[in-house]
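Okay, so here's the structure we're looking at.
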There are 2 protein chains.
Amino acid sequence: MRPDEAALLEKHGIKPSAQRVAVAEFVLHTDAHPSADEVWSRVRERFPMVSRATVYNTLNLFVEKGLIRQLTLTGGRVVFDPNVEKHHHFIDEETGRIYDVPWEALRVSRVDDIDGFEVHAYQVVLRGKKRSRRRRT
Amino acid sequence: MRPDEAALLEKHGIKPSAQRVAVAEFVLHTDAHPSADEVWSRVRERFPMVSRATVYNTLNLFVEKGLIRQLTLTGGRVVFDPNVEKHHHFIDEETGRIYDVPWEALRVSRVDDIDGFEVHAYQVVLRGKKRSRRRRT
DNA sequence: TCTATCTTTAGACTTAGTCTAAGTAAATGC
DNA sequence: GCATTTACTTAGACTAAGTCTAAAGATAGA
Ligand SMILES: [Mn+2]
Ligand SMILES: [Mn+2]
Ligand SMILES: [Zn+2]
Ligand SMILES: [Zn+2]
């Protein structure tokens with residue numbers, strides 16, 4: 001069972017229509033960094049009459065209200081991320097999949113010290129190969 | 001005057017057609033991180049009959065041969081970068097402009113130490129406001 | 001209920017990018 | 001030098017991602 005999405009939307013100043021709740025139920029609980037069309041196709045499985053425009057509008061509204069973030073990391077693709085806390089990203093070069101890397105896993109030094117730039121935010125973008133998960137015995 | 005682009009292309013195993021030289025003359029000497037269509041429109045100023053497909057093909061060929069890099073940093077836009085050395089990027093949130101940040105300006109610690117990921121490359125992506133250049137007296 | 005506002009919808013439109021089929025140009029063979 | 005093959009370029013068709021529009025549907029208030 002899902003937590004009450006409608007209440008969460010209202011808390012962020014969003015009227016919880018059926019379509020918006022359906023989008024929220026998917027996009028707020030994924031760790032897959034989906035594109036807008038991926039969200040659309042997943043939401044349509046349970047809500048077949050939802051329109052493409054509504055999904056795009058809803059995702060943009062969620063970004064505006066701070067429920068999710070929009071990322072552009074690779075291949076000119078825009079994806080959405082329900083993790084709005086500071087964190088880094090790792091891109092698997094073979095699969096294209098994007099993984100979260102905890103903020104504390106890395107430290108970047110001298111960020112405030114860059115001549116001529118006032119830094120408001122930053123993240124490290126890493127690329128490589130994900131090691132196959134070692135199964136525990 | 002420009003250095004001899006044709007020779008440079010040949011050194012990278014690229015036959016230097018007039019169109020490719022025209023693309024090289026612009027894209028290898030910019031620090032603006034242009035999109036493919038921006039390159040096309042700049043190249044057409046001096047070479048009005050060049051086609052869109054040729055510019056796209058040429059840029060992709062240059063990437064494949066290691067003359068330039070393709071970046072996806074913001075707004076779902078793909079841009080090209082003639083600086084193929086390791087460096088970081090700063091994005092001005094007001095103008096959208098992308099600036100190079102020297103590799104030595106920052107240090108990222110513990111990169112090799114991330115559980116489950118084999119890191120082949122990384123960069124720091126910073127966002128903020130560029131300070132207006134202090135004019136010298 | 002009547003009305004105003006908000007939301008959703010289908011489809012048109014736009015932009016970025018790839019693909020195709022035909023035409024040019026350059027290289028190779030004789 | 002001429003014929004043939006190969007490489008390159010071209011215009012335009014096509015696709016994918018995204019926005020916009022105009023009409024319809026839902027919600028909430030008077
Ligand atoms: Mn595309
Ligand atoms: Mn777009
Ligand atoms: Zn993330
Ligand atoms: Zn750069």
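All values reported here derive from a predicted model rather than from experimental measurement. In what follows, chains carry the letters A, B, and so on, assigned in the order in which the sequence lines appear, proteins first and then strands, with residues in each chain numbered from 1.
OP1 or OP2 of D:dT10 lies within a sub-4.0 Å distance of a side-chain N or O belonging to B:Gln19. Phosphate proximity of C:dT8 to A:Ser17: present, with a side-chain N or O under 4.0 Å from OP1 or OP2.
Here C:dT8 presents its P atom at 16 Å from CZ of A:Arg44, a figure rounded to the nearest Å. Atom CG of B:Asp37 is separated from atom C1' of C:dT18 by 13 Å (rounded to the nearest Å). In this structure, CD of B:Gln70 is placed 14 Å from P of C:dA16, rounded to the nearest angstrom. In this structure, the CZ atom of A:Arg77 is 18 Å from the P atom of C:dA16, given to the nearest Å.
The hydrophobic side chain of B:Val84 is isolated, with no ILVMFWY side chain under 4.5 Å apart from it. Side-chain heavy-atom separations under 4.5 angstrom define the hydrophobic clusters, and the remaining members of the one that includes A:Ile91 are A:Leu71, A:Leu73, A:Val79, A:Ile98, A:Val125, B:Leu71, B:Leu73, B:Val79, B:Ile91, B:Ile98, B:Val125.
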Protein-proximity profile, nucleotides 25-30 of chain D, B/S/- by nucleotide at the 4.0 Å heavy-atom cutoff, equals ------

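A:Leu126 places a side-chain heavy atom less than 4.5 Å from the side chain of A:Leu106.
Where B:Gly76 and B:Arg20 each meet DNA chain D at their nearest nucleotide, the meeting point lying more 5' is that of B:Arg20.
A ring-ring contact (aromatic ring centres under 6.0 Å, His included) check over residues 96-124 of chain A, counting only residues at least two apart or in different chains, returns the pairs A:His88-A:Trp103, A:Tyr99-B:Phe117, A:Trp103-A:Tyr122, A:Phe117-B:Phe90, A:Phe117-B:Tyr99.
Remark: A:Arg52, A:Ala53, A:Tyr56, A:Asn60 in residues 46-63 of chain A come within less than 4.0 Å of DNA chain D through at least one heavy atom.
The minimum heavy-atom distance between B:Val63 and B:Arg69, with the atom names listed, is CG2-C, 4.3 Å.
Atom CD of B:Gln70 is separated from atom OG1 of A:Thr74 by 8.5 Å, given to the nearest 0.5 angstrom.
In this view, B:Thr30 and B:Phe26, B:Ala32, B:Pro34, B:Pro82 satisfy the side-chain contact (heavy atoms from CB on, under 4.5 Å) rule, not counting sequence neighbours.
Residues B:Leu67 and B:Tyr56 fall into different hydrophobic clusters, defined by Ile, Leu, Val, Met, Phe, Trp and Tyr side chains chained together at heavy-atom separations under 4.5 Å.
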